[in-house]
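All chains are named by letter (A, B, ...) in the order of the sequence lines, taking the proteins before the strands, and each is independently numbered beginning at 1.
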Protein chains: 2
Amino acid sequence: MASQRVPRPPRKPADQYHHGDLRRALLQAAVRTIQKNGVESLTLRAVGEELGVSRSALYRHFADKAALLGAVAAEGFRMLRLELLGAWERGGKGQRGFEAMGEAYVRFALQNPWHYRMMFASGFDADASDPALVEDGTNAFQVLVDALVEQQRQGLVRRDDPQALANFIWALVHGIAMLALDGPLQHKGVDVEALTRYAVERLRTGIAV
Amino acid sequence: MASQRVPRPPRKPADQYHHGDLRRALLQAAVRTIQKNGVESLTLRAVGEELGVSRSALYRHFADKAALLGAVAAEGFRMLRLELLGAWERGGKGQRGFEAMGEAYVRFALQNPWHYRMMFASGFDADASDPALVEDGTNAFQVLVDALVEQQRQGLVRRDDPQALANFIWALVHGIAMLALDGPLQHKGVDVEALTRYAVERLRTGIAV
DNA sequence: ACCTGAACACCGTTCAAGT
DNA sequence: ACCTGAACACCGTTCAAGT
């Protein structure tokens with residue numbers, strides 16, 4: 001094989017480097033792509049191109065692709081936490097607020113389907129669970145626990161272990177969300193909002209004093 | 001570039017072709033690999049190699065990789081259906097059988113984590129939902145609906161729409177399973193069996209007459 | 001410190017050719 | 001009909017080199 005020298009293509013001038021907060025820009029671009037076309041469609045090449053940056057620039061800011069996805073998921077938990085807290089407070093921190101929380105939870109999942117799936121599918125790729133992700137997830141969960149403790153104080157909810165109650169209720173709304181996104185509810189064209197209201201009503205009977 | 005003829009490597013003799021039921025063999029090999037190492041680890045090359053077959057032989061039996069994964073998921077729903085039916089019947093087709101069903105559901109997910117995840121993550125890759133998969137999922141769901149109708153007949157469960165009841169309850173057990181596999185329950189080291197029993201108890205209060 | 005571009009070791013899928 | 005092996009167009013990741 002003759003070793004003919006191939007001239008390198010011109011290098012990008014250094015003053016066109018991204019500089020700025022590339023980490024944040026990468027994260028936002030990733031969220032945008034995933035919201036639009038799903039996780040599968042996210043390639044490091046595409047996200048780099050969108051920001052006018054080489055495909056390996058990312059490695060300065062994230063260990064690998066799984067770390068980027070973990071950061072996207074963590075961002076999702078922070079968004080979810082704000083939605084839940086808002087519903088609880090606007091609803092008056094009582095029974096009505098609690099029901100609004102349940103509906104807000106399911107609505108969040110339906111309005112951000114890909115983002116929501118990722119928040120819980122992160123165990124798929126990253127079994128080395130990202131501690132930041134765990135923390136943001138725990139913080140979102142805590143809103144639910146606090147709301148339950150408050151309702152126990154008001155005599156609205158039976159005085160079982162709040163953690164157990166919260167696990168039980170999170171499982172219910174998470175289950176509705178997942179079945180609506182990927183399960184039989186989707187194919188059967190079930191009215192998810194109606195199901196959510198029904199579930200919240202049955203739940204209330206189940207956890208009342 | 002000089003076009004030097006590269007001699008083809010010796011072709012596999014035809015009498016060593018797989019023949020037999022290659023479709024079934026591919027399916028079983030895929031299930032085995034996924035159970036052991038997860039979906040991510042499943043490559044067509046590896047499954048072909050395991051069966052001593054070229055990596056494109058698969059395309060005679062499945063449209064593409066997504067179709068193979070869909071078939072794996074469908075197989076999972078058939079397995080789950082048998083587990084649920086067994087628990088319901090052995091438990092005496094009443095309140096005890098119903099609670100056994102709930103516990104059997106969660107146990108199935110915990111014992112077949114990758115397979116279970118796939119059954120519901122199929123929407124990830126294959127948005128063109130496989131009709132066979134939908135049917136097997138529906139059949140598994142029907143066991144739950146039938147059990148509820150029977151309990152209504154016995155006066156054990158309030159006479160709401162059985163479909164709505166079933167959606168509600170499936171969401172609950174699915175949520176427990178998913179949170180146990182990939183969610184906060186995993187990281188916090190929650191006793192999933194205890195949580196399941198607690199959930200079933202609260203559920204009973206919620207759906208009683 | 002930050003980013004680049006080439007190289008590496010993988011993928012799924014297609015397709016003409018063999019038996 | 002069924003299967004093969006090469007080719008194609010992608011990936012994520014690594015790394016020496018540039019500024």
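When each of D:dC2, C:dG5, D:dC11 is scored by its nearest atom to the side-chain atoms of A:Arg45, the top-ranked nucleotide is D:dC11. With distances taken from any side-chain atom of B:Asp64 to the nucleotides C:dT13, D:dT13, C:dC3, the minimum falls on C:dT13. In the set C:dC3, C:dG12, D:dG12, the nucleotide with an atom closest to the side chain of A:Leu44 is D:dG12. Side-chain proximity of B:Ser56 to the nucleotides C:dC3, C:dC15, C:dT4 is greatest for C:dC15.
Straight-line distance from the OH atom of B:Tyr59 to the P atom of D:dG5: 16 Å, rounded to whole Å. Rounded to an integer number of Å, the gap from NZ of B:Lys65 to P of D:dC11 is 15 Å. The distance from atom CZ of A:Arg60 to atom P of D:dT13 is 15 Å, rounded to the nearest whole Å. One can place CG of A:Leu58 at 17 Å from P of D:dC15, the figure rounded to the nearest angstrom.
Residue side chain A:Arg55 does not reach the base of D:dG12 through any donor-acceptor N/O pair under 3.5 Å, judged by distance alone.
Taking 4.5 Å as the limit, some side-chain heavy atom of B:Arg117 sits within range of a side-chain heavy atom of B:Leu181. The side-chain heavy atoms of A:Leu179 and B:Asn167, taken from C-beta on, include no pair separated by under 4.5 Å.
In this structure, B:His61 reaches the D:dC3 phosphate: one of its side-chain N or O atoms is under 4.0 Å from OP1 or OP2.
Under the 3.5 Å distance criterion, the side-chain polar atoms of B:Gln152 are matched with a main-chain donor or acceptor of B:Asp160.
The ring pair (Phe, Tyr, Trp, His ring centres under 6.0 Å) test with A:His174 singles out one residue from A:Tyr116, A:Phe108, A:Tyr105, A:Phe141, and that residue is A:Tyr116.
Nucleic acid contact for B:Leu42: sugar-phosphate only, since backbone atoms but no base atoms lie under 4.0 Å from a heavy atom of the residue.
For D:dC10, there is no paired nucleotide, since no Watson-Crick or G-U wobble pair has both relevant distances below 3.5 Å.
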